[in-house]
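Contents: one structure, followed by commentary.
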Amino acid sequence: MKRTKIAGIGMYVPQNVVTNNDLLKYMETSDEWIQERTGIKERRYAQRTGETTTTMGVEAARIAIERAGISPADIDFIIFATLSPDYYFPGCGVLLQRAMQMKEIGALDVRNQCSGFIYALSVGDQFIKTGMYKNILVVGAEKHSFGLDFSTRGRNISVIFGDGAGAIVLQPVNANTGQAAQGDPLAGSGQGILSTHLHSDGAAAEILAMYNPGTHANHWVDQPLADFNDNEIGDMFMSHEMIDNAQNFPFMDGQSVFKKAIIKFPEVILEALNKNGLQTSDLNLLIPHQANLRISQFVQHKLKLRDDQVYNNIQQYGNTTAASVPIALCEAWEKGMIKEGDLVCLAAFGSGFTWGSVLLRW
Ligand code: ACO
């Protein structure tokens, strides 16, 4: 049976470290408030110019490709997850293809915010399992620092996010699934992705969202374009009113997000374990999306996991959305916390709401 394995992994975070105290220059906040509510001590911000979501993705991809023992020319599909693309369109996948001088391969952008990397990994897994591709590059990258409200008005969100990128190379592996006896906790324990689980609930889509620019704008309602002058037509995409109302910045009802996250995170982790006949005690490492340390701690407590079974690095990098899972996975692997044969669960929850998990044997 063919499975998908992670053949190479890389991460990139910008040099520029921004501490909680550094944010006091822009807004009324405190190191104490930020650490107590989120666990974050510092984050990285990309250079204002010259460094983009794509360039950071390229840096992480180079490392992942090298560690997989292949070259950019061997990649036959790109999946790029981000909510902060270089351009409104086209997506970052094609920019990465150009920057890395890859062949004229397919490039897909995934817009699932915090669970973007889990969705992207799941899509890549299907293409590998069907035999369609042999070397898929999956990237999660964000340059949040360019689009946050750094005034006191936006402090509940802007203190949380950071910049960075993570990347993996997916390859097929022949899974040795038949040897373990039925009922054995290691049944189905061959290397590779055991299962992926994706969910969404759009009922609360506006609870964590950036509203504009977007085609929902009321200006369009029932009036022919001819009724508007040139300036008004330009305003439909991004009006002064939208900017004055901070609608070009993300909005978050933090408490509602928190309440939903602490239900869905454990649910989707247990779904993955149950699907494979495994228990939380079998898990070597859980890599949760680094949304907020309090959410991770709640999940750990709910699932009765030991400290050494959960990896968190939000303290150093903040919430890097689509990049957070691959950055945490890469860092944990580089620290020697993931060894061959280990059972690893990746899980994320975020805007949409969308959430998901990936269970894999390293
Ligand atoms: N510094 C100082 N004070 C602040 C800040 C700040 N950065 N932000 C908000 N406050 C103040 C508010 O103004 C408010 O003051 P008031 O009581 O005088 O009106 C007070 O703190 C409480 O504000 P809340 O927004 O209710 O703060 P809350 O306790 O809910 O904490 C937080 C905010 C940390 C976002 C919390 O809701 C939370 O953990 N939510 C989970 C959502 C999350 O983690 N999202 C991450 C991104 S989404 C994702 O990745 C899934």
Side-chain angles (χ1 to χ4, degrees), residues 18-43 81-84 111-119 140-142 144-145 147-164 166 198-202 204-210 246 249-269 287-301 312-315 317-328 346-357:
V18 178
T19 65
N20 293 339
N21 283 331
D22 290 335
L23 295 175
L24 294 172
K25 276 182 264 176
Y26 312 106
M27 64 187 81
E28 286 171 31
T29 187
S30 68
D31 179 48
E32 191 190 6
W33 192 98
I34 299 170
Q35 285 210 48
E36 191 185 302
R37 309 285 174 120
T38 70
I40 298 166
K41 296 176 196 285
E42 58 191 39
R43 72 287 291 142
T82 186
L83 69 70
S84 51
R111 291 194 49 179
N112 279 64
Q113 295 66 250
C114 300
S115 60
F117 189 80
I118 298 293
Y119 268 72
E142 305 286 358
H144 283 307
S145 59
L148 295 171
D149 181 354
F150 283 104
S151 71
T152 298
R153 178 182 62 181
R155 65 183 176 174
N156 67 320
I157 296 180
S158 48
V159 299
I160 294 176
F161 293 97
D163 300 342
L198 306 178
H199 295 280
S200 73
D201 176 5
E206 284 76 17
I207 273 182
L208 177 49
M210 191 170 121
F249 293 121
F251 167 83
M252 177 174 73
D253 170 353
Q255 291 184 15
S256 299
V257 174
F258 193 95
K259 283 180 195 151
K260 191 84 171 179
I262 57 172
I263 295 169
K264 294 302 172 188
F265 255 116
E267 210 173 87
V268 80
I269 293 163
I287 308 270
H289 159 55
Q290 301 294 292
N292 181 318
L293 190 60
R294 290 194 311 157
I295 293 178
S296 290
Q297 287 167 339
F298 197 97
V299 173
Q300 176 180 344
H301 181 73
N312 289 302
N313 62 4
I314 191 169
Q315 300 91 328
Y317 304 123
N319 178 338
T320 56
T321 310
S324 94
V325 168
I327 287 176
L346 316 176
F349 174 89
S351 161
F353 292 126
T354 61
W355 61 100
S357 61

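We count ligands from 1, going down the list as the structure has it; atoms in each ligand are counted the same way.
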In the protein, which heavy atom is nearest to [atom], and how far is it?
| atom | answer |
| --- | --- |
| atom 40 (N) of ligand 1 | Gly254 O, 2.9 Å |
| atom 25 (O) of ligand 1 | Asn156 CB, 4.5 Å |
| atom 15 (O) of ligand 1 | Arg155 NH2, 4.3 Å |
| atom 27 (O) of ligand 1 | Arg37 NH1, 3.6 Å |
| atom 9 (C) of ligand 1 | Trp33 CZ2, 3.4 Å |
| atom 39 (O) of ligand 1 | Asn292 ND2, 2.6 Å |

If the cut-off is 4.0 Å to any non-hydrogen atom of [X], which atoms of ligand 1 fall inside it?
| X | result |
| --- | --- |
| Gly350 | 51 (C) |
| Val159 | 7 (N) |
| Phe161 | 47 (C) |
| Ala291 | 44 (O), 46 (C), 49 (C), 50 (O), 51 (C) |
| His289 | 49 (C), 50 (O) |
| Asn319 | 46 (C), 47 (C), 49 (C), 50 (O) |

Are Gln113 and Thr354 side-chain neighbours, meaning at least one heavy-atom pair lies under 4.5 Å?
no
Is the closest side-chain heavy-atom distance between Asn319 and Gln290 below 4.5 Å?
no
Would you find a donor on one side and an acceptor on the other, under 3.5 Å apart, between the side chain of [X] and the backbone of [Y]?
| X | Y | value |
| --- | --- | --- |
| Ser115 | Ala348 | no |
| Arg43 | Val159 | yes |
| Thr38 | Ile160 | no |
| Ser351 | Ala209 | no |
| Asn312 | Ile314 | no |

Can you classify the ring geometry of Tyr26 versus Phe150 as parallel (below 30°), tilted (30 to 60°) or perpendicular (above 60°)?
tilted
Once you measure the plane-to-plane angle for Phe349 and Phe265, does it fall in the parallel (<30°), tilted (30-60°) or perpendicular (>60°) bin?
tilted
[atom] within contact range, any protein heavy atom under 4.0 Å:
| atom | result |
| --- | --- |
| atom 32 (C) of ligand 1 | no |
| atom 17 (O) of ligand 1 | no |
| atom 37 (O) of ligand 1 | yes |
| atom 50 (O) of ligand 1 | yes |
| atom 21 (O) of ligand 1 | yes |

Between the side chains of [X] and [Y], is a donor N or O closer than 3.5 angstrom to an acceptor N or O?
| X | Y | answer |
| --- | --- | --- |
| Glu142 | Thr320 | no |
| Thr19 | Glu42 | no |
| Ser324 | His289 | yes |

Yes or no: does Cys114 have any heavy atom under 4.0 Å from an atom of ligand 1?
yes
For Gln290, state whether at least one heavy atom is located under 4.0 Å from any atom of ligand 1.
no
I need the contact type for Leu208 against ligand 1. Using non-hydrogen atoms and a strict under-4.0 Å cut-off, is it side chain, backbone, both or neither?
side chain
Nearest candidate to atom 26 (O) of ligand 1, where distance is taken over non-hydrogen atoms, out of Gln255, Met252, Arg153, Arg294:
Gln255
Evaluating non-hydrogen atoms only, which member of Ile295, Thr29, Ile160, Asp31 is closest to atom 6 (C) of ligand 1?
Thr29
Charged N-O contact under 4.0 Å between Asp201 and Lys260
yes
Using a 3.5 Å cut-off on N or O atoms only, is Val257 in polar contact with ligand 1?
no
Say whether Thr38, considering both its backbone and side-chain N or O atoms, lies within less than 3.5 Å of an N or O atom on ligand 1.
no
Side chain to side chain contact (heavy atoms under 4.5 Å, CB included) for Tyr119 and Ser200? Distances and angles first, verdict last.
CA-CA 11 Å; Tyr119 268 72; Ser200 73; 4.2 Å; yes
